[in-house]
Structure formats: C-alpha cells, structure tokens
K.L.:
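Quick one: the structure is below, questions incoming.
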Amino acid sequence: MGRPASAPTASGLFTPPSIPQPITSGPVPVTPGPVPVTPGPAPQADMDGWAFPESARVPAANRPAPAFAAAPVMRRMTTGLSRPVSKVRVAMGVIVLVILIISGSIIGIAYFNKETKPTQQTVVAVPTPNSAPQYLDPFNDNTYGWNLESEPGKYSAQIGGGNLTLEDDSHKLLWEQLPGQRSFSDFTLYVDATLTKGDPQNGYGVYIRGSANANSDLATYYRFELYGDGAYGIYKGIISDNGQTGYTKLVDYTPSTAVNKAGKVNHIRITAQGSSLSFTVNGYQLQTLNDTSYAKGTIAFFVSNTTDAKPGAQAQFSEFGVYKPGA
C-alpha cells in the first residue's frame, strides 16, 4: 500500500488500471443463486488481473462506464417527382410529419428510460442480531490495534468518533484488514458505509474470506464494492496457473436504486454460509451467489480512488459487527 515492503502489513495499496482485461487462466465456476438481478447497462470492458510488486499490492475493481448502443443511421431519400403539389397536400404532409415526429420522440424516450433505469430490488427484512457477536468494534478508539499507518497527501487510516475512516489521494485502493489476521468461515456481517469524499466514480466496501500468498496479504477473496454513483459489483480474487494474482467478475458493475449515492450511508449486510454468499444493502437483497472457491478467510474494508476520478477518495465505516449466520 505504499508502506515498507520488508514486512507485509494488514493494509494494501495498488493502482487500478484504466481499462482492465480479464484473467483467462482457467474456468471460474460461479452458479447464480436464487435471487437473480437484472444487470444495468453493460460496461465497455472487462476487469483484469495483473502481477504485483513485492509491496504486496492487490487489484481493485475499476468501474467501467456504461455503454449505449449507437443510434441507427438515418437516410435522406429523393422522390424525383416534378409535378406541382397543391398547398392542401403540403399542409397535410406537414401535419402528418409533425405527428410522426412527436410520436417517435415519445416512443424513443419511453424506450430509453426503460433500458437505462436502474433495476428495482425486492426489499427483505433485515433482522436485529439476536446472538453474541463473534467480533464487534464501535470504532470509538483503536483498542483492537488496527493498522493506522498513514502518509499525508497519499493515504490515511483513522479511528474515532464511531468511525473507521480510510482515504486515498493518489488513485490507488487502500484496504484495512481486521487486526490479528482473524479468520471467519460462516457468518453474518453488518456495517454502515459512506463515501464521504471524492467523485462518484470512486468505490468502497468489504472484502470477505480473504487469504494471502507470497505476493499479497489479499490474494484470494470475495470483494463487495459500492460506487458513489449508486451502483455495485462483486469480484473474486484469483491466482492464475503461472502465479499471477488478479480477479474476475462475479457480478459486473450494476446500477441499483437500493444503493445510496455519495454522501449518504448504506447499511450493508453480508451472509456467508458454506458456498452461499448473500449481499443486502438498505434492506434490499441485491444478490445471492453460490461459489465453492473459498470457505474461510479474513475481513477487510477498503476505499478506491479510481483512475478516472479526481485525486482523493474517502470512505467511513461504522456500526460494525460479525455474528453467526442468520443473526
């Protein structure tokens, strides 16, 4: 993360690519779960993975912009008629033309709104945890020993006032793992998250079931990412046959009316039980996936200052707790 490379830390920093490409080292089995979500506009490019330096950097999701189909080419035609046309016919032609233009405009607007409107999600009840937490931190102080190493003008991590605040100012992704390299298998995680600074292209969110390799403290994982423009994505960290560390998309960049935009809090609930992964935001279940790749691992929070945004992205996390599944 830009910190000394001699000793891996519980945090990470890397530079997201501007036009990512996917890793194609082998099949990545992902079976959609019982709650399908119709994706929003298709992005322009796929994600990719790449090799990392010795500083234990890992990739972050770089949200591609939605792409819209090009408008059809309109052709002008000449009739070749030479005979005079009466004024009545001219007037009638003008009236018909106006009616056609108005009708076409209405149909076009309706179609555009239908195609680009974010998918409405189904609201589900979010219960209050009814069991003792496996891990709980109110973020009033650094009692648990989070890594708060910071470099002014580049990145920072702070705890206080009920918030964990992460900021990156140099177009990188900054993550912060739970102290003590704690590992969780089956659980329900609650956290409130807000993008408090930066352009809406920036991302923030949660890693679950993360694990390290020789190159990175977070080489394999599931990453749930929200964006400041009201979208989300779900990504999986992978290692290719030649040892290259990267990630693949489980759910591509997807606009959603359930996700609050920058400056507003999002109440996140993630349940991992066996191969089932469920992601809920503000009481709306966005996705349930089945993936057998990773059964346990660490938890981390992150903020991503994407390359297509201005320097500076800040996210705050609060009301954090980990409970037994379904709590």
Side-chain angles (χ1 to χ4, degrees), residues 22-23 26-40 47 61 119-136 175 177-178 182-193 203-212 218-226 231-239 246-254 256-259 266-302 317 319-327:
I23 281 185
V28 182
V30 178
T31 303
V35 185
V37 177
T38 303
M47 301 291 180
T119 302
Q120 293 281 352
Q121 308 295 336
T122 301
V123 66
V124 296
V126 179
T128 301
N130 55 11
S131 64
Q134 299 177 19
Y135 189 95
L136 187 69
W175 78 67
Q177 288 180 269
L178 266 65
R182 296 171 181 261
S183 182
F184 299 87
S185 54
D186 295 345
F187 60 87
T188 292
L189 177 154
Y190 292 88
V191 70
D192 288 351
Y204 60 106
V206 185
Y207 287 89
I208 63 171
R209 292 183 174 177
S211 64
L218 279 174
T220 60
Y221 53 79
Y222 299 106
R223 184 175 77 244
F224 181 52
E225 183 157 8
L226 303 182
Y232 73 95
I234 304 172
Y235 310 94
K236 179 168 71 172
I238 58 176
I239 301 174
Y247 62 89
T248 188
K249 297 174 292 185
L250 298 183
V251 176
D252 205 350
Y253 167 84
T254 303
S256 172
T257 55
V259 179
N266 283 290
H267 307 288
I268 298 173
R269 180 177 184 255
I270 301 174
T271 295
Q273 189 164 17
S275 62
S276 177
L277 307 172
S278 178
F279 303 88
T280 301
V281 174
N282 300 321
Y284 292 85
Q285 189 167 323
L286 301 181
Q287 288 281 346
T288 295
L289 307 175
N290 285 306
D291 190 277
T292 60
S293 299
Y294 314 128
K296 63 180 181 179
T298 188
I299 293 171
F301 301 109
F302 71 93
F317 302 89
E319 304 295 332
F320 169 54
V322 180
Y323 300 81
K324 68 180 183 180

K.L.:
Compare all side-chain heavy atoms of F184 with those of T298 and state whether any distance is below 4.5 angstrom.
P.N.:
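No; the side chains remain at least 4.5 Å from each other.
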K.L.:
Could you check whether K324 pairs with D186 (Lys NZ or Arg NE/NH1/NH2 to Asp/Glu carboxylate O, under 4.0 Å)?
P.N.:
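No.
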K.L.:
For the aromatic rings, using the six-membered ring if either is Trp, is the centroid distance between F302 and Y204 under 6.0 Å?
P.N.:
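Ring centroids of F302 and Y204 are no less than 6.0 Å from each other.
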K.L.:
Can you tell me how far apart CG (L189) and CZ (F320) are? Round to the nearest 0.5 Å.
P.N.:
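Those atoms lie 5.0 Å apart.
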K.L.:
Roughly how far, to the nearest 0.5 Å, is the NE2 atom of H267 from the CD atom of E319?
P.N.:
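So the CD of E319 and the NE2 of H267 are separated by 9.0 Å.
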K.L.:
Mind checking the OG-CD spacing from S278 to Q285? Nearest 0.5 Å is all I need.
P.N.:
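Between atom OG of S278 and atom CD of Q285 there are 4.0 Å.
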K.L.:
Within the structure provided, determine whether F279 and I234 are in side-chain contact (heavy-atom separation under 4.5 Å).
P.N.:
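They are in side-chain contact.
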K.L.:
When you check the gap from the basic side-chain N to the acidic O, do R269 and D192 get nearer than 4.0 Å?
P.N.:
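No, no charged N to carboxylate O under 4.0 Å.
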K.L.:
Would you mind reporting whether N282 and V259 have side-chain heavy atoms less than 4.5 Å apart?
P.N.:
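V259 does not reach N282 side chain to side chain.
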K.L.:
Could you pull out the closest heavy-atom pair between P325 and A272, with the gap in Å?
P.N.:
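It is CG-O, 4.3 Å.
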K.L.:
Distance only, no hydrogens: is a donor on one side chain within 3.5 Å (strictly under) of an acceptor on the other, for Y232 and D252?
P.N.:
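No, because no side-chain N or O of Y232 sits under 3.5 Å from a partner of the opposite role on D252.
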K.L.:
Going by atom types only, do T292 and S275 share a side-chain donor-acceptor pair under 3.5 Å?
P.N.:
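Note: T292 and S275 side chains miss the donor-acceptor criterion.
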K.L.:
Out of curiosity, S185 OG to R209 CZ, how far, rounded to the nearest 0.5 Å?
P.N.:
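S185 OG to R209 CZ: 7.0 Å, rounded to 0.5 Å.
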K.L.:
Of the non-hydrogen atoms in Y221 and G210, which two are nearest, and what is the gap between them?
P.N.:
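Scanning both residues, the minimum pair turns out to be CB-CA, 3.9 Å.
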K.L.:
Can F187 and I208 be said to form a side-chain contact (heavy atoms from CB on, under 4.5 Å), step by step?
P.N.:
CA-CA 10 Å; F187 60 87; I208 63 171; 3.9 Å; yes
K.L.:
Please report the shortest heavy-atom distance between I268 and A193, naming the atom on each side.
P.N.:
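Between these two residues, the closest heavy atoms are CD1-CB, 3.9 Å.
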K.L.:
Report yes if the side chains of K236 and Y247 come closer than 4.5 Å at any heavy-atom pair, otherwise no.
P.N.:
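They are not in contact (no side-chain heavy atoms under 4.5 Å apart), so the answer is no.
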K.L.:
How many angstroms lie between CZ in F224 and CG in L250, if you round to the nearest 0.5 Å?
P.N.:
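So the gap between those two atoms works out to 12.0 Å.
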K.L.:
Heavy-atom distance under 4.5 Å between the side chains of T280 and L286, does that happen here?
P.N.:
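No, too far: nothing below the 4.5 Å cut-off.
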K.L.:
Do the ring centers of Y222 and Y294 come within less than 6.0 Å of each other?
P.N.:
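Distance test on ring centres: under 6.0 Å, yes.
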K.L.:
Taking all non-hydrogen atoms of both residues into account, name the closest pair between I270 and V206 and its distance.
P.N.:
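Answer, listing the atom of I270 first, then V206: CD1-CB, 4.1 Å.
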K.L.:
Ring centroids only, cut at 6.0 angstrom: are Y207 and F301 within range, meaning strictly under it?
P.N.:
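No, ring centres 6.0 Å or more apart.
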K.L.:
Check S276 against N290 and note the closest heavy-atom contact, atom names and distance.
P.N.:
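What the structure gives for the nearest pair is CA-OD1, 3.6 Å.
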K.L.:
Taking atom CD of Q134 as the centre, does the number of heavy atoms from other residues, nucleotides or ligands within less than 6.0 Å exceed 12?
P.N.:
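Yes - once you tally the heavy atoms of other residues, nucleotides and ligands closer than 6.0 Å, there are more than 12.
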K.L.:
Looking only at heavy atoms, which two atoms of E225 and G203 are closest? And how far apart?
P.N.:
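Closest approach of E225 to G203, heavy atoms only: OE2-CA, 3.3 Å.
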K.L.:
Drop me the distance from L277's CG to T288's OG1, to the nearest 0.5 angstrom.
P.N.:
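One gets 8.5 Å once the value is rounded to the nearest 0.5 Å.
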